[in-house]
Every structure is written in structure tokens, then in C-alpha cells.
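Everything below concerns the one structure shown next.
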Amino acid sequence: MATLKLGEDFLLGTATSSVQIEGGDTNNTWYKWCEEGHIKDFSSAYTACDHWNRVEEDTEILKSLGVQTHRLSLEWSRIQPAPGEFSTEATKHYREELELLLANNIQPLVTLHHFSEPLWFQELGGWLKPENSEYYVEYARYVVENFGDLVAEWVTFNEPNVFVNFGYLIGIFPPGEKGLRKYFRVSAEIIKTHIRVYRLIHKIRSHRGFQGETRVGTAMHHRVFDGLTFVGKRTAELTDYFFHDLFLEGMIRGKFKFPLGLAGGKDEPGHYADFLGINYYTRNIVEFVLNPFCYFHRCRFDSNMDKSDLGWDIYPKGIYRVCKKYFLKYQLPIYITENGISDQADKKRAKFIVDHLAYLVKAIGENIPVQRYYHWTVMDNFEWLEGEAGFFGLYHCDFRTQRRTPRESAKIYARICKDKEHVLPTL
Ligand code: NOJ
């Protein structure tokens, strides 16, 4: 065991998303998806953690954790309740929330799109109609004009690779579309839109003279894919290509790799990310199968590994592998925009955090500039298809009473945030 210290400029934080915690919104795609019965336990994002009415209480929690930064998302459907209409009430609400964070020395990292969208956007055909991306750009413009003085750092899309995969290829997220052609068309459209919004945020913040270095990126879902056989390894490379590389090359370098060029993408070589946002949770073992519904591969977990409540392998080394691989490729500073574990009994979370941080310290020791760690998440929340049965919180949240209770791991994370130091396992 060794004591390792995280540098003063390394910031520790937490991450949340609007629909998963706010509750009370009927104007977003996830509200409808819940109503239609797609959630395993039939719970609804309408309940969630009632954060919309508990911003002060929840900011107190962040204060007691001692985080230096917090990643949150704005709810598009609240800010733009109808095409061309912007809500002054929602604008005031989010401004107050951001001001409260800043007053407590918590630097915000703001996500514009975290899986949920206004229902009207879906009804207009969502991302399948290229002209609709104009709505998202309009929303982004409004947001940066109205919050850009408080926020310097932005995430345009959370896990675009998961969003498009689940929403347009296999149809398990709204809008529930299925098909390879739709998948590639929407992927190309989202990449193009990211590029536009990347430029827009820089332009507005610089024209308006807003303080602080503007940094814009995405929070990509990074999964380690390992093959065990020769064919498995090639399949893993191919899976990597479709799941990671298509999006990274597009969103960082403006390159529309095959087949996105055939799906409406046109190269715009350039530089469209100021950090590499990495959401890292687990790894998969990949096998080759030819199946028209999942095209060429099957992902499974390793039966020999320790698991989270959701059955995901706990594989801390993966965070190091991902940082190293993509830093070598893109030479960008790294933000771990999410990392966490569903662990209701809280038996594994503290070790999970410490082990992942240890691998980040190793990466930093090899001159890989990892600058942020955002733990997912503050309290148990609405975990998409798992509903109320995902337990990612440092705090337990009782959705019926809305009581928040710190788990033991919250105390340990608070200590790490305070000291930036811990006894770390020797790797
Ligand atoms: C990544 C997603 O961004 C977040 O919304 C989700 O809750 C976590 N993964 C855990 O599944």
C-alpha cells in the first residue's frame, strides 16, 4: 500500500442529470417513456428525487461532501417548453442553482443534453429530420447567452454513443426507433450538431467577454471491450470502432468515418473538443456472432470478476487503459465526467472509488493529464430503464419520503475531497 496525493489542480466532484433527479416534468421524452411502461419496476422519472424543489438542501449535501466541482445538466424541455418559446421561470431557477454552487466555491460543468428531450422535439421527428437540429442549436444559443457568465465549461452531449445506440438502433430508449440506417444518419447528425454548438459556445462566450477559460467537450461512454480469442479480439476492435471511434473522430476532429460519410456526414477537419470527457464504468468480453438484431457481436461480463448490483464487472484498470489509449491519440486533458457503482449495501463503493483513483494517479504519474474526477452520483436517482432500482448514490434516497441519508462511502469520499489524499493500493 502507498499513500498517494492528488495534485491541488486535480478537482474532485460529483455528477447528476436533470431528469434523473428533478422530478415533476411532464414535457420530456422520458416522462412519456415511463408512462408507456418501458421501465423495469414501472417507476417514473416524474418522481425521482424532487431535486427541482430541493436545490438548497442538495447543495448543502455537495458542500458537506466538499466537492470542488459539480456536473449537472439543464433540462431542455423546461427551458424551451415549446418551439421558439423560452421559460423565464426555468431560466431563473437554473441561474439561482448555478449561483448557489458558485457561492459555495463549486465550479459547474454543465451538460446541455443528457438523454432527455422535449416531447415536442420528438413529435417533430427528433434527430431523424436534419432540419430539427436547428432547435437544439437555438436552445444551446439561449442557454449560453443566459448562463454563459456563470458557466465556462460545457458538455454538449452526454454519451452520444449510448443515446443513438439505444434510441435509434435497438429502440430501448426514446424515441424507440430501430435500424442501422437510422442509427448512422442520426449519429452523423449529432456529430454535425456538436461541431456547430462547440463553435457557438466559444463564439458567444468570447463576444460577450465572459470570464474564465471556455472549455467544451462531450461525455462519451467508454467501455473496455476485450476479446479472448483471435476472432474475439478482432470483433472487439470492430466494436470499439463503431461504439467509440466513429463518435470520437467526428466530435473531436470533425472526421466522418465510414459509414457516416454515406449517412450525411461531410468532413470538417478541425478541433472540436477542449477536453476528453470519459464516462467509465465497466468492461465487456466480446464474442463474434452474426445476428441481424445486434449485427456482429455479443458482449458479456466475465464470470470471474466481482460485480456491482447491476451485474457489471468491477474493473478499475479499465479507467487507466481508456485514459492512456485516448490521450495518446488525442493529446487532450482528461475529465472523468462519470464513474460510479450501483451498490445498495454500500459494501463496495469506497473501494471502487479508491481503486479507480489509484489508477488515475498512475496515469498522472505517466504524464497523462487527468484533471477531474466526477463521481456518479450524489444520491440514488432515476436510473433510466432500471427505474428506482439503481443505487449509484453516495447518499441513499428514499423516493417516497425524499429523505437523503449518507452512506459510509460518502464520508470516505468527503475525506478524499478534503485531503486529496488516501492510502491507495499499490498497483
Ligand atoms: C451513464 C449515464 O450518463 C448516467 O445517466 C447513468 O445513470 C449512469 N451511466 C449509470 O448507468
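Counted by atom type alone, Asn279 and Tyr374 present zero donor-acceptor pairs between their side chains at under 3.5 Å. Side-chain atoms of Asp274 and His202 form a donor-acceptor pair, as typed in the model, at a separation below 3.5 Å. Checking Glu97 against His51 by side-chain atom types alone, a donor-acceptor pair falls below 3.5 Å. Looking only at atom types and distance, the side chain of Tyr335 has no donor-acceptor partner in the side chain of Arg71 under 3.5 Å away. Looking at Asn381 and Thr16, their side chains never bring a donor and an acceptor atom within 3.5 Å of each other. Counting only N and O atoms by type, the side chains of Gln80 and Tyr135 include no donor and acceptor under 3.5 Å apart. In this structure, a donor-acceptor pair under 3.5 Å is present between the side chains of Tyr281 and Glu338. Judged purely by distance below 3.5 Å, without hydrogens or angles, the side chains of Thr14 and His70 pair a donor atom with an acceptor atom. Side chains of Thr91 and Tyr142: a donor-acceptor N/O pair is present below 3.5 angstrom, by distance only.
A cation-pi geometry, defined here as NZ or CZ lying under 6.0 Å from the six-membered ring centre and within 45° of its normal, holds between Arg78 and Trp52.
When side chains are defined from C-beta on, Leu310 counts as touching Phe392, because their heavy atoms get closer than 4.5 Å. Two residues are said to be in side-chain contact when any heavy atoms from C-beta on lie closer than 4.5 Å; Ile39 and Phe382 meet this criterion. Counting heavy atoms from C-beta on, the side chains of Trp376 and Gln20 come closer than 4.5 Å. You'll find the side chain of Phe115 stays beyond 4.5 Å of the side chain of Phe166, heavy atoms only. Contact check for Phe173 versus His38: no side-chain heavy atoms found under the 4.5 Å cut-off. Inter-residue side-chain proximity for Phe275 and Leu109 is flagged as met; some heavy-atom pair is nearer than 4.5 Å. Under the 4.5 Å side-chain criterion, counting only non-hydrogen atoms from C-beta, Glu153 is not in contact with Pro108. Contact check for Val224 versus Lys317: no side-chain heavy atoms found under the 4.5 Å cut-off.
A distance of 7.5 Å separates CZ in Arg349 from OG in Ser342, rounded to the nearest 0.5 Å. Atom CD1 of Ile368 and atom CG of Leu276 lie 11.0 Å apart (nearest 0.5 Å). Note: Ile278 CD1 to Thr337 OG1 = 7.5 Å, rounded to the nearest 0.5 Å. Note that CG of Asn161 is 7.5 Å distant from NE2 of His222, once rounded to the nearest 0.5 Å. To the nearest 0.5 Å, atoms OG1 (Thr235) and NZ (Lys233) are separated by 11.0 Å. Taken from CZ in Phe391 to CD in Glu383, the straight-line distance is 10.5 Å, to the nearest 0.5 Å.
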Practice task
Please report the C-alpha distance between Cys49 and Arg54 in whole Å, then the side-chain angles of each, then the deciding distance to 0.1 Å, and finally whether the side chain to side chain contact (heavy atoms under 4.5 Å, CB included) criterion is met.
Solution key: CA-CA 9 Å; Cys49 310; Arg54 291 163 198 266; over 6 Å; no
Practice task
Dump the intermediate steps for salt bridge (charged side-chain N to carboxylate O under 4.0 Å, His left out) on Lys192 and Glu189, then the final yes or no.
Solution key: CA-CA 5 Å; Lys192 282 196 243 171; Glu189 196 51 42; 3.6 Å; yes
Problem - salt bridge (charged side-chain N to carboxylate O under 4.0 Å, His left out) between Glu268 and Arg199, intermediate numbers included - result: CA-CA 12 Å; Glu268 290 182 65; Arg199 290 184 173 132; 3.1 Å; yes
Problem - Test side chain to side chain donor-acceptor pair (under 3.5 Å) applied to Ser17 and Asn158, step by step - result: CA-CA 9 Å; Ser17 91; Asn158 177 69; over 6 Å; no
Problem - Steps toward side chain to side chain contact (heavy atoms under 4.5 Å, CB included) verdict (Phe121, Thr29) - result: CA-CA 9 Å; Phe121 180 77; Thr29 46; over 6 Å; no
Problem - salt bridge (charged side-chain N to carboxylate O under 4.0 Å, His left out) between Asp343 and Lys351, intermediate numbers included - result: CA-CA 11 Å; Asp343 176 26; Lys351 182 169 164 31; over 6 Å; no
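The backbone N or O of Cys417 sits less than 3.5 Å from a side-chain atom of Gln68, completing a donor-acceptor pair. Looking at Tyr413, its side chain does come within 3.5 Å of a backbone N or O of Gly13 through a donor-acceptor pair. A donor-acceptor pair is defined here as one N or O able to donate and one able to accept, closer than 3.5 Å; such a pair exists between the side chain of Arg205 and the backbone of Gln211. Between the Asn132 side chain and the Trp127 main chain, no donor and acceptor come within less than 3.5 Å of each other. Within the 3.5 Å criterion, the main-chain N or O of Glu89 finds no donor-acceptor partner in the side chain of His93. No donor-acceptor pair closer than 3.5 Å links the side chain of Arg283 to the backbone N or O of Asp302. In this structure, His375 contributes its side chain and Ala15 its backbone to no donor-acceptor pair below 3.5 Å. No donor-acceptor distance shorter than 3.5 angstrom exists from the side chain of Asp267 to the backbone of Pro269, with no hydrogens or angles considered. Put simply, the side chain of Tyr136 never gets that close to the backbone of Ile190: no donor and acceptor are under 3.5 Å apart. Arg95 contributes no side-chain N or O that, together with a main-chain N or O of Leu150, makes up a donor-acceptor pair within less than 3.5 Å.
For Tyr280 and Tyr359, the ring centers are positioned 6.0 Å apart or more. Aromatic pair His113/Phe163: centroids less than 6.0 angstrom apart. For His244 and Phe225, the gap between ring centers is short of 6.0 Å.
Using cut-offs of 30° and 60° for the angle between ring planes, the His194 and Tyr198 rings count as tilted.
Residue Lys329 places its NZ atom among more than 12 non-hydrogen atoms of other residues, nucleotides or ligands, all under 6.0 Å distant. By the neighbour-count criterion of 12 heavy atoms within 6.0 Å, atom OH of Tyr46 is sparsely surrounded, having that number or fewer from other residues, nucleotides or ligands. Taking a 6.0 Å sphere around CD of Glu36, one finds it holds more than 12 heavy atoms contributed by other residues, nucleotides or ligands. At most 12 non-hydrogen atoms from other residues, nucleotides or ligands lie less than 6.0 angstrom from CZ of Phe258.
Scanning all heavy atoms of the two residues, the minimum distance from Phe327 to Ile334 falls at CB-CD1, 4.0 Å. Taking all atoms of both residues into account, the shortest heavy-atom contact from Asn339 to Ile336 is CB-CG2, 3.9 Å. The heavy-atom pair separating Ala90 from Ser87 by the smallest distance is N-OG, 2.9 Å. In this structure, Gly311 and Phe301 approach most closely via the heavy-atom pair O-CD1, 3.4 Å. The minimum heavy-atom distance linking Asp25 with Asn27 is given by the pair OD1-N, 3.0 Å.
Salt-bridge check for Arg321 with Asp226: passed, with a basic side-chain N closer than 4.0 Å to an acidic carboxylate O. Using a cut-off of 4.0 Å between Lys/Arg side-chain N and Asp/Glu carboxylate O, Lys32 and Glu123 are scored as not salt-bridged. Under a 4.0 Å N-O distance rule, the pair Glu237/Arg234 qualifies as a salt bridge. Using a 4.0 Å cut-off between charged side-chain N and carboxylate O, Arg407 and Asp380 make a salt bridge.
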